[in-house]
Amino acid sequence: MTGSSGQATGASAWALGLLVLLPIPFLGSLGAGGGMIAAYGSLSRQGPLAKRNAALARSWGRLFLIVSTALLLVQLSLGLVRMTQSSAPAPGFLPHAIPLLLYVLVCVVHLVVVLFALRRARRGEVVRLPFARSV
């Protein structure tokens, strides 16, 4: 995407983070993280602003992909352990669903970060995330 001056801004790398909204359960987060990582290759050749924003999007996408996948794997393993223990009483939803609730929280935080960064990148500014490592 280009800003008002016509130069590439790297906003499309952040826009790929909106794939988390896909109505396919759990695949949206994989697509969002993977898309943000993959966009760096083509955007890094479109100027310094696009390269910087794409690098930040790649960094955030990698973090989001690792955290969301880890939470889903923990939830899957807890569910499999719970299914194999037939003698244990079912304690309810909440103790075993903490990773799933954290996954939903991570997705909401991801969506807020992506919308904030997309807005800044479209204006032609370098995205600055207070909790992100400098690239």
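Numbers here simply count residues along the sequence, with the first being 1.
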(request) Among Ile, Leu, Val, Met, Phe, Trp and Tyr joined by side-chain contacts under 4.5 Å, find the other residues sharing a cluster with Leu30 and list them by chain and number. (result) Ile24, Leu27, Ile37, Leu65
(request) First locate atom CG of Leu80, then atom CD of Gln75, and finally report the distance between them rounded to the nearest 0.5 Å. (result) 10.0 Å
(message) Please check this pair: side chain of Arg45 against backbone of Gly41, looking for a donor-acceptor N/O pair closer than 3.5 Å.
(response) yes
(message) If I compare all heavy atoms of Tyr103 with all of Ser29, which pair ends up nearest, and what's the gap?
(response) OH-OG, 3.0 Å
(message) The criterion is side chain to side chain contact (heavy atoms under 4.5 Å, CB included); which residues satisfy it with Leu115, sequence neighbours excluded?
(response) Leu18, Leu111
(message) Quick check for you: to the nearest 0.5 Å, what is the distance between Ser44 atom OG and Arg52 atom CZ?
(response) 14.0 Å
(request) Give, for atom OG of Ser77 and atom CG of Leu72, the distance between the pair rounded to the nearest 0.5 Å. (result) 11.0 Å
(message) Quick check for you: to the nearest 0.5 Å, what is the distance between Asn53 atom CG and Gln46 atom CD?
(response) 12.0 Å
(request) Please report the shortest heavy-atom distance between Val74 and Pro99, naming the atom on each side. (result) CG1-CG, 3.6 Å
(message) Would you compute the distance between atom CG of Leu56 and atom CZ of Arg58 and round it to the nearest 0.5 angstrom?
(response) 9.5 Å
(request) For the pair Phe64 and Val20, evaluate side-chain contact (heavy atoms from CB on, under 4.5 Å) and give the outcome as yes or no after the intermediate values. (result) CA-CA 11 Å; Phe64 173 68; Val20 77; 3.9 Å; yes
(request) Indicate, with yes or no, if Val106 and Ile66 share a hydrophobic cluster defined by side-chain heavy-atom contacts under 4.5 Å among Ile, Leu, Val, Met, Phe, Trp and Tyr. (result) no
(message) Let me check something: do Leu78 and Val67 share a hydrophobic cluster, defined by ILVMFWY side-chain heavy atoms less than 4.5 Å apart, either directly or through other members?
(response) no
(message) Using every non-hydrogen atom in the two residues, find where Ala50 and Leu43 come nearest and quote the distance to one decimal.
(response) CB-O, 3.6 Å
(request) Compare every heavy atom of Trp14 with every heavy atom of Val114, then report the nearest pair and how far apart it is. (result) CG1-O, 3.1 Å
(request) Mind checking the CG-OG spacing from Leu73 to Ser68? Nearest 0.5 Å is all I need. (result) 9.5 Å
(request) Flag yes if Trp60 and Leu21 sit in one hydrophobic cluster, no otherwise; membership is Ile, Leu, Val, Met, Phe, Trp, Tyr, and two members link when side-chain heavy atoms are under 4.5 Å apart. (result) yes
(request) Return the minimal non-hydrogen interatomic distance between Tyr40 and Ala55, and the atom names on each side. (result) CD1-N, 3.6 Å
(request) Would you name the heavy atoms of Ala11 and Arg122 that are closest together and state the gap between them? (result) CB-CG, 3.7 Å
(request) Would you check if Leu19 and Leu16 make a side-chain contact, meaning some heavy-atom pair closer than 4.5 Å? (result) yes
